[in-house]
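Heads up: the structure comes next, in structure tokens.
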Amino acid sequence: MSQQLTLALSKGRIFEETMPLLQAAGITVSEDPEKSRKLILPTNDPNVRVIIVRASDVPTYVQYGAADFGVAGKDVLLEHGGEGLYQPIDLNIAKCRLSVAVPAGFDYASAVRQGARLRVVTKYVQCAREHFAAKGVHVDLIKLYGSMELGPLVGLSDAIVDLVSTGSTLRANNLVEVEHIMDISSRLVVNQAALKLKRERLQPILEAFEKASKAG
Ligand code: PRT
Ligand code: MG
């Protein structure tokens, strides 16, 4: 295995919040993914490159060793299953929570008490299924890939399970949070073979990330 390291990141908040951690490891990315159309970005270290992939694809690139390491949300990792991935560090970035939300007028508590069967739209089918099963709530889950907030507004569902950070998207769509399922942050994920075969190159970076994420 070559000693070249490939880091998988998604554009947007994960890229932005990973930059200070990379900096702490002495690595700077030479191009801005928001401006460049390149999917492979060089860094100041000729042995380290960054690839830009969809947030939900980060675990797949790392699992198959196309990237040695990456940064992914706990939401994404739980849906993916984490197979073939070593998850050494909670980076404490891109924080949010996974919640159940319903239209402002909907009495969720009494619907649940009465054992009603609820229709729920979500991108997070695994997490939602486990949450409602643990509570004994009957649900029909409908998988969506985005704009979950629209579901209850157009009669597709009674509720949504989605990520919330400031809550302004829920408010703008007249939805209220009724259950907090879990706190979410992003983790460093490392390919298990790379961890063994490239340990010498990876270890100092992992240590710098760990130190910087604790300090932040
Ligand atoms: O956008 P794309 O479809 O390409 O992929 P993605 O949405 O998976 O990527 P991205 O970059 O948006 O999110 C990457 C990771 O950031 C997620 O996997 C989460 O772990 C984390 N994260 C942190 C968030 C949020 N905060 C967040 N607020 N991911 C999404 N949101 C969305 C949320 O789904 C909702 O639509 O923002 C909206 C709510 O925000 P508030 O501030 O209005 O509450
Ligand atoms: Mg998004």
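Along the sequence shown, residues are numbered consecutively beginning with 1.
Judged by distance alone, the side chains of Glu177 and Ser99 do bring a donor and an acceptor atom under 3.5 Å apart.
Salt bridge status for Asp162 with Lys123: absent, with no side-chain N to carboxylate O gap under 4.0 Å. Under 4.0 Å is where a charged nitrogen must lie from a carboxylate oxygen, and between Lys11 and Asp32 no such pair does. Salt-bridge formation is not detected for the pair Glu207/Lys211: no Lys NZ or Arg NE/NH1/NH2 atom is positioned less than 4.0 Å from an Asp or Glu carboxylate oxygen. Between Asp183 and Lys95 there is no salt bridge, since none of the side-chain N atoms of the basic residue sits less than 4.0 Å from a carboxylate O of the acidic one.
More than 12 heavy atoms of other shown residues, nucleotides or ligands fall within 6.0 angstrom of atom NZ in Lys143. Dense packing is recorded around CD of Glu34, with more than 12 heavy atoms of other residues, nucleotides or ligands lying under 6.0 Å away. The 12-atom threshold is not exceeded at CZ of Arg37, counting heavy atoms of other residues, nucleotides or ligands nearer than 6.0 Å.
The minimum heavy-atom distance linking Gly70 with Val62 is given by the pair N-CG2, 3.8 Å. Contact between Val189 and Leu77 at its shortest, heavy atoms only, is CG1-CD2, 3.6 Å. A pairwise comparison of heavy atoms in Ala101 and Leu170 identifies CB-CD2, 3.8 Å as the closest pair. Nearest approach of Gln63 to Leu85, heavy atoms of both residues: N-CD2, 3.5 Å. When all heavy atoms of Ser185 and Asn92 are compared, the closest pair comes out as CB-CA, 4.2 Å.
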Handout entry: Check against side-chain contact (heavy atoms from CB on, under 4.5 Å), Val120 and Ile142
Key = CA-CA 6 Å; Val120 179; Ile142 301 169; over 6 Å; no

Exercise for the section: Output, in order, the C-alpha distance, side-chain angles, deciding distance and verdict of side-chain contact (heavy atoms from CB on, under 4.5 Å) for Met182 and Lys74. Expected result: CA-CA 10 Å; Met182 68 178 87; Lys74 185 179 175 186; 3.9 Å; yes

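Remark: Asp90 CG to Leu188 CG distance equals 10.5 Å, nearest 0.5 Å. In this structure, Lys135 NZ and Ile181 CD1 are separated by 9.5 Å, a value rounded to the nearest 0.5 Å. Note that CD of Glu179 and CG of Leu98 are 11.0 Å apart. Values are rounded to the nearest 0.5 Å.
Distance alone, capped at 3.5 Å, is enough to place a donor-acceptor pair between the Arg119 side chain and the Leu156 backbone.
Both Leu175 and Tyr108 are members of a single hydrophobic cluster when ILVMFWY side chains are connected at heavy-atom separations under 4.5 Å. When the side chains of ILVMFWY residues are joined at heavy-atom separations under 4.5 Å, either directly or via intervening members, Val50 and Ile89 end up in a single hydrophobic cluster.
Under the rule for a side chain to side chain contact (heavy atoms under 4.5 Å, CB included), the partners of Arg171 that lie at least two apart in sequence or sit in another chain are Ser168.
Side-chain atoms of Glu149 and Leu153, non-hydrogen and from C-beta on, never get closer than 4.5 Å to each other.
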